[in-house]
Amino acid sequence: MARILAVGNATLDIINHVDTYPHEDQEVRAQSQQRCRGGNATNSLVILSQLGHDCAWAGTLAAEPDAETITSELRQYQIDLSAVHTLEHGKVPTSYVTLSRSSGSRTIVHFRDLPEYHSEHFAKIDLQHFDWVHFEGRNLPQVKLMLERMRLEQPRLPCSIEVEKPREGIEQLFAYADVLMFSRDFARHHGYEDPGEFLRYMSKQGLSAQMSCTWGEMGAHGLNKQGEILHVPAFPVEAVVDTLGAGDVFNAGLIDQLVRGHDLDTALTEASRLAGKKCGIYGLHIGEEIS
Ligand code: ADP
Ligand code: FRU
């Protein structure tokens, strides 16, 4: 069991379950609606907690009723909230998700105006308590300041960064990471339609990090410490019903395996199994309580 800190978002997800995804300007009725916690960093923590790790979240919340939906679920998974910064005013970031029953696709409209976590809040966290720190690649330059502090005080503390959306200057964060977790969106933004080619390009950027790049039902690629490009196919799922958070589950699977000392090949295989399993069920309760 490892002690894992994740810095990033928790959201309120309002999920409308529809039979098939509507086209623009259509009116459809949802079969059901669900309001639950989401957000990449906390999604990954919820999985890591079920895999037996001791988890803590650092992020912001607003003092408003929807925050309770978030904190009550995180508490249910024994996630430490002592580093959370709660703002007196504002609204928690909210995602309006349309989940198609026929394909399992999730279409997200996200809105946030809540201020992000600040490096001054991060400065209060005792990093000696952790075996791994995971960051969402967002909130520049504050995350850069957090990474600088971490590298100064704990140069050997393993650190992963999720690089999901292209953001100006995000490349400045890469040198701090032991593991970089890229999305299809990010690779496409750089003109790549092939994750292996994208990682080959990344391997020439003079970084020492291991890397992954997920590609939905096509599986994922990795770049290991020896500079080799690896590929794992997506795990076969009988019926894909819910892909919301698949990437976050994949990242949790990678962290779980790497923090246990396994190599990237093994970690990719296990991450793919977990993410595939998640796509076959609704939500993130994967039913794998391991210690
Ligand atoms: P995100 O949730 O960030 O959009 P992806 O869609 O790239 O992430 O999916 C992340 C991982 O989840 C993939 O690499 C794969 O392992 C798994 N996955 C996604 N879609 C499927 C699917 N249809 N069947 C099986 N596994 C899937
Ligand atoms: C899934 C997710 C949702 C959230 C959205 C935020 O990866 O974390 O739970 O609403 O992405 O971008």
Side-chain angles (χ1 to χ4, degrees), residues 6 8-16 34-47 57 59-60 66 69-70 73-74 91-112 114 116 134 136-139 162-167 181-189 192-196 198-199 211-222 230-254 257 267-284 286:
N9 271 346
T11 60
L12 172 71
D13 285 1
I14 301 175
I15 306 172
N16 284 320
Q34 207 187 337
R35 294 165 65 85
C36 56
R37 181 214 50 79
N40 296 8
T42 52
N43 281 345
S44 294
L45 287 177
V46 159
I47 299 297
W57 173 50
T60 53
D66 285 333
T69 305
I70 293 170
E73 193 193 309
L74 293 175
K91 177 91 200 85
V92 294
T94 304
S95 290
Y96 302 86
V97 182
T98 306
L99 190 62
S100 160
R101 285 191 172 172
S102 59
S103 67
S105 78
R106 88 293 182 267
T107 304
I108 306 174
V109 178
H110 182 68
F111 177 75
R112 76 167 292 141
L114 191 71
E116 300 254 10
H134 175 69
E136 276 182 39
R138 55 183 304 120
N139 186 23
E162 181 213 30
V163 185
E164 189 186 55
K165 295 190 180 62
R167 293 189 158 95
M181 299 160 167
F182 293 104
S183 70
R184 175 164 41 185
D185 255 21
F186 190 83
R188 280 192 171 145
H189 177 78
Y192 289 89
E193 270 305 323
D194 177 328
F198 169 69
L199 290 182
M211 301 180 195
S212 65
C213 183
T214 59
W215 215 268
E217 62 285 355
M218 304 301 287
H221 278 69
L230 314 168
H231 173 247
V232 281
F235 190 76
V237 188
E238 211 166 289
V240 173
V241 296
D242 175 11
T243 58
L244 182 63
D248 310 329
V249 175
F250 187 94
N251 292 343
L254 276 188
Q257 292 296 299
L268 288 167
T269 305
E270 184 56 14
S272 168
R273 186 188 70 79
L274 266 187
K277 182 174 180 186
K278 183 271 149 306
C279 293
I281 59 163
Y282 288 103
L284 294 180
I286 51 164

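Numbering of ligands and ligand atoms starts at 1, following listing order. Here the structure is a predicted model, which is why all the values come from computation and not from measurement.
Looking at N9 and T11, their side chains never bring a donor and an acceptor atom within 3.5 Å of each other. The closest side-chain donor-acceptor pair between T69 and R35, if any, does not fall under 3.5 angstrom.
Of the polar atoms of G39, at least one N or O is found under 3.5 Å from an N or O of ligand 2, judged by distance alone.
Heavy atoms of N43 found under 4.0 angstrom from ligand 2 belong exclusively to the side chain. At a heavy-atom distance under 4.0 Å, only side-chain atoms of D13, from C-beta outward, approach ligand 2.
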Step by step, would you call N43 with R37 a side-chain contact (heavy atoms from CB on, under 4.5 Å)? CA-CA 8 Å; N43 281 345; R37 181 214 50 79; 3.0 Å; yes
Start with the C-alpha gap between E164 and E136, add the side-chain angles, then the distance that decides, and say whether side-chain contact (heavy atoms from CB on, under 4.5 Å) holds. CA-CA 8 Å; E164 189 186 55; E136 276 182 39; over 6 Å; no
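Remark: minimum distance from atom 5 (C) of ligand 2 to any protein heavy atom is reached at S95 OG, 3.8 Å. Closest to atom 1 (C) of ligand 2 among all protein heavy atoms lies D248 OD2, 3.4 Å. At the top of the distance list for atom 2 (C) of ligand 2, counting protein heavy atoms only, stands N40 OD1, 3.3 Å.
Those atoms of ligand 2 that come under 4.0 Å of a heavy atom in G38, given as number and element, are 9 (O). The T11 neighbourhood of ligand 2 comprises atoms 4 (C), 10 (O), with distances under 4.0 Å to a heavy atom of that residue.
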Pairwise, report which nitrogen or oxygen atoms of ligand 1 are under 3.5 angstrom from protein nitrogen or oxygen atoms, and how far apart they are.
| unit_1 | atom_1 | unit_2 | atom_2 | d |
| --- | --- | --- | --- | --- |
| ligand 1 | 2 (O) | G247 | N | 2.8 |
| ligand 1 | 4 (O) | R106 | NH2 | 3.4 |
| ligand 1 | 7 (O) | T214 | OG1 | 3.0 |
| ligand 1 | 7 (O) | G216 | N | 2.9 |
| ligand 1 | 14 (O) | G219 | O | 3.0 |

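Under the 3.5 Å distance criterion, the side-chain polar atoms of S44 are matched with a main-chain donor or acceptor of N40. At least one donor-acceptor pair under 3.5 Å links the side chain of T243 to the backbone N or O of G104. A distance-only check finds no donor-acceptor pair linking the side chain of K165 to the backbone of F186 [under 3.5 Å].
For the pair G245 and ligand 2, a heavy-atom separation below 4.0 Å is found.
With a 4.5 Å cut-off on side-chain heavy atoms, Q257 and T269 do not count as touching. Annotation: side chain of R101 is in contact with side chain of Y282 (closest heavy-atom distance under 4.5 Å).
Under the side-chain contact (heavy atoms from CB on, under 4.5 Å) rule, S212 has a single partner from L199, L254, V232, which is L254.
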